[in-house]
Amino acid sequence: MNCFNRYQGGLEYRCGGETVRILPWGKDSFRVLARPCGKLETESEGLLEAKSMECEVVLEEECASVTNGRLTCRLEPQGWNVPARIRFFNEKGEELLSEQPCGGALAKKARHFRPAVGGSYQLRVTFASNPEEKLYGMGQYQQEILDLKGCNLELAHRNSQVSIPFYLSSLGYGFLWNNPAVGEVSFGKNTTVWKAESTSQMDYWITAGDSPAELMEAYMNAVGKPPMLPEAGLGFWQCKLRYYSQEDALSTAREYWRRGIPVDVFVIDYYHWPRCGDYRFDEEFFPNPREMVEELEAMGMKTMVSIWPQVDWRSENFQEMYQKGMLVQTEHGMNVQMNFHGNNVFYDATNPEARQYVWEKCKKNYADCGVAYYWLDEAEPEFGTYDYDNYRYYAGTVLEKGNIYPREYARGFYEGQKRLGQNEIMNLARCAWVGSQRYGTVVWSGDIFSSWQALRNQICAGLQMGLSGISWWTTDIGGFHGGSAEDPAFTELLIRWFQFGTFCPIMRLHGNRLPRREIRKADGELTEGTGADNEIWSYGEEAYRIMKHYIDIREAMRSYIRMLMEQAHKTGAPVMRTLFYDFPQDPTCWTVKDSYLFGSDLLVAPVTKPGAESREVYLPAGARWVHASSGAAYDGGQSVTVSAPLAQIPVFLREGRQEYLLKLLRDQTEWE
């Protein structure tokens, strides 16, 4: 009996109660769904709706295939009482990805659904692995690893960890695990195994292409591209933990203004509020927010304020939000999801009513005062303990739906700002999932440490995020935890990080500098303290001159960066990108993890070791490269060693492109 049928332009397979559908989902792409029994769900957590289209379907007695452009999916029998095996091929007939075979007498299941309490399943999907394949993307993991082959990754969010389950393969395909469940993936040498702790069905998406750029554009068409970055995002952002009062913030901003240093965004960090969940300025420390925002605006600075999703038991909004079901539920134990300056429960960003409620509070207390942008901190959310099985959202259990939280958090503010008539939206968030970029999300790499290893990790993190769809990405320049202006070793790290930050999609100075100072309210209650000064003049005259110079470079690059942001908006191309993105034919480019392209025309090689005054840089084959500081030209396809004194970061210009940048960047040498 034939188990194969045409279905909505694609292919359906039924056997032993299981239903599998291979549906065309964009050019050269398929969405693959499977469920052991019951009706398949067609709504998608990660994918946008695709236009209906017809594919070439071939039905045979024992097997079937469906072809969508350059991608063909074959379902092949494996013997009696064994589900058909799913395999994918490009237009040349080369295998891209295949499920693990059953193994004959081993009788293994590539699609293994294990029943769980409540009607869902623990799902494990196993693919055969090509040991020569290289894999990139998957969001942000704090490691100095670019090729993810051999890695085991948790599919869950944590502070500084962002799980976006899309990868790009050196074999010429892209793969999205279209499932927000908490789980894990193992990119082994023998198999690739995806696991979801709780889910109703299997759901993934695959596309084929001839270059990384084609694969990324197909992926971004499927999940959505970012809007155009507002002009204020192009320049320098000033931030620290924390400007604790209106006068503290304004006195700093005035000094930048007095010195003639342009600041695009001035950030007011957390605990400017009375209690978490109040969503307003504390009038004791910020007596007239509107005047503060207006003065910052007059100095050319847009105001960004921190928002936390925690709601303190003592908050003026806690009881109403609790009664109306707007808070994340704790399944068992005390209803405290994070203990920090009080007992806190997270607001449920997956609940549309809760998103509306929180936005209305922020509109009244921030937007109506002129605040332009929001810092959506704690966006994972950062549960006090990451016991994912102990929490439940409006959308479902955290085990089943947990990874959508940061996207829905950003969505609530984006949609509120849109309703307000704001068209240029840019909100900073500490986490993301598939589609977060659609909601004007800038992602930063979390509360990382101030160390050379952390700096090296950030290069890989930024490149992987770009290949995961997050073009707007940044770090805390200098790292978040630690660092003192009295420590020359930290000042060296800060300068090198500042140079790297100049050539990141977003340039933002932040950190919790030492020593910290206690802050108390008028009634004596201890509130969140403040770190030491973290302005560019806080680290001595030499450091000040160097950092000011790089702000000038960033400012002079505005038109180039604006062009890169337009490309990201139109095609989804990363702003910060791997060497192989533009030079896929050069095999060495697939291995370089310590330098990158800033757009297609600048090659940036950060200095990431203390005391270094030179470094080796690989130049991709297929172009000539001009060293920005010396003007020396080199053929690609070789490594060169270049000078890198403390004031210089090695940067190369692709010859024949953006010639005005060469003069700009050569000013480094003249300035020295």
Side-chain angles (χ1 to χ4, degrees), residues 43 45 118 157 180 182 198 270-283 305-369 371 374-385 387-420 427 429-431 433 436 439:
E43 291 187 4
E45 292 290 3
H157 305 312
V182 170
S198 179
Y270 70 164
Y271 279 87
H272 62 263
W273 49 72
R275 305 281 183 210
C276 274
D278 289 348
Y279 302 113
R280 63 180 176 85
F281 286 103
D282 186 338
E283 58 274 9
V305 297
S306 173
I307 304 293
W308 272 26
Q310 289 91 326
V311 183
D312 192 302
W313 283 8
R314 299 165 294 174
S315 168
E316 60 198 21
N317 298 315
F318 178 82
Q319 285 300 324
E320 181 180 7
M321 296 183 76
Y322 176 76
Q323 292 296 331
K324 292 182 176 180
M326 296 180 182
L327 304 176
V328 174
Q329 294 184 31
T330 302
E331 301 281 47
H332 52 81
M334 185 173 289
N335 190 29
V336 179
Q337 295 162 6
M338 186 180 190
N339 185 274
F340 190 78
H341 291 290
N343 295 330
N344 294 278
V345 180
F346 287 92
Y347 115 82
D348 188 352
T350 75
N351 183 338
E353 182 183 4
R355 292 198 299 268
Q356 173 79 9
Y357 180 92
V358 170
W359 166 250
E360 289 302 325
K361 295 289 182 182
C362 292
K363 174 188 176 301
K364 176 183 176 182
N365 297 318
Y366 298 125
D368 288 354
C369 292
V371 170
Y374 300 90
W375 177 1
L376 307 179
D377 206 344
E378 297 285 315
E380 302 80 24
E382 188 180 11
F383 294 113
T385 59
D387 297 324
Y388 301 109
D389 60 348
N390 193 31
Y391 308 111
R392 182 180 295 270
Y393 297 154
Y394 173 90
T397 68
V398 171
L399 283 182
E400 185 178 11
K401 299 288 188 179
N403 289 332
I404 65 172
Y405 187 98
R407 186 189 67 191
E408 300 304 284
Y409 184 18
R411 176 184 179 181
F413 279 77
Y414 179 86
E415 292 179 344
Q417 288 163 295
K418 279 289 188 182
R419 289 193 299 271
L420 195 61
N427 297 321
R430 202 172 67 186
C431 200
W433 196 65
S436 285
Y439 300 115

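What you see is a predicted model, and the numbers here were worked out from it, not measured in a lab.
Although no hydrogens or angles enter the test, the distance criterion places a donor-acceptor pair under 3.5 Å between the side chain of Asp348 and the main chain of Thr350. With Asp312 contributing its side chain and Gln310 its backbone, the two residues share no donor-acceptor pair below 3.5 Å. Judged by distance alone, with hydrogens and angles left aside, the side-chain atoms of Asn317 form a donor-acceptor pair with the main-chain N or O of Gly277 at under 3.5 Å.
With a 4.5 Å cut-off on side-chain heavy atoms, Tyr405 and Pro309 count as touching. Side-chain contact check for Phe318 versus Val345: some heavy-atom pair is nearer than 4.5 Å. Side chains of Tyr279 and Ile307 form a contact here, defined as non-hydrogen atoms less than 4.5 Å apart. With a 4.5 Å cut-off on side-chain heavy atoms, Glu353 and Met326 count as touching. By the 4.5 Å heavy-atom criterion applied to side chains, Tyr393 and Val328 are counted as neighbours. Taking 4.5 Å as the limit, every side-chain heavy atom of Lys361 sits out of range of all side-chain heavy atoms of Arg280.
Of the residues listed (Gln329, Glu331, His332), the one engaging Asn390 in a side-chain hydrogen bond (donor to acceptor under 3.5 Å, both in side chains) is His332, and it is the only one.
Counted by atom type alone, Tyr322 and Asn335 present zero donor-acceptor pairs between their side chains at under 3.5 Å.
Rounding to the nearest 0.5 angstrom, the gap separating the CE atom in Met338 from the OG1 atom in Thr385 is 11.0 Å. Summarising the geometry, atom CG belonging to Asn343 is positioned 7.5 Å from atom CE belonging to Met334; distances are rounded to the nearest 0.5 Å. Distance check: Glu360 CD to Asn365 CG gives 11.0 Å after rounding to the nearest 0.5 Å. Considering SG of Cys362 and CG of Leu376, their distance stands at 8.5 Å, rounded to 0.5 Å.
Partners of Tyr439 according to the ring-ring contact (aromatic ring centres under 6.0 Å, His included) rule, which considers only residues two or more places apart in sequence or in another chain, are Tyr414. The ring-ring contact (aromatic ring centres under 6.0 Å, His included) test applied to His341 returns Tyr271, not counting sequence neighbours. Evaluation of the ring-ring contact (aromatic ring centres under 6.0 Å, His included) rule for Phe383 yields Phe346, Tyr391 as partners, not counting sequence neighbours. For Pro406, the side-chain contact (heavy atoms from CB on, under 4.5 Å) criterion is met by His157, Ala379, Cys431, not counting sequence neighbours. Evaluation of the side-chain hydrogen bond (donor to acceptor under 3.5 Å, both in side chains) rule for Lys418 yields no partner, not counting sequence neighbours. By the side-chain contact (heavy atoms from CB on, under 4.5 Å) test, Arg355 pairs with Tyr347, Pro352, Glu408, Arg411, sequence neighbours left out.
Using cut-offs of 30° and 60° on the angle between ring planes, the pair His272 and Tyr366 is perpendicular. Between Tyr270 and Trp273, the angle of the ring planes goes over 60°, which puts this pair in the perpendicular group of the 30/60° scheme.
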Can you list the steps and then say if Trp375 with Val305 is a side-chain contact (heavy atoms from CB on, under 4.5 Å)? CA-CA 6 Å; Trp375 177 1; Val305 297; over 6 Å; no
Any chance you could lay out the side-chain contact (heavy atoms from CB on, under 4.5 Å) test for Asn344 and Gln337, step after step, and finish with the verdict? CA-CA 6 Å; Asn344 294 278; Gln337 295 162 6; over 6 Å; no
Residues Trp359, Phe413; criterion ring pair (Phe, Tyr, Trp, His ring centres under 6.0 Å); working and verdict: CA-CA 6 Å; Trp359 166 250; Phe413 279 77; 5.8 Å; yes
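The pair Arg430-Glu380 meets the salt-bridge criterion, with a side-chain N (NZ, NE, NH1 or NH2) lying under 4.0 Å from an Asp/Glu carboxylate O.
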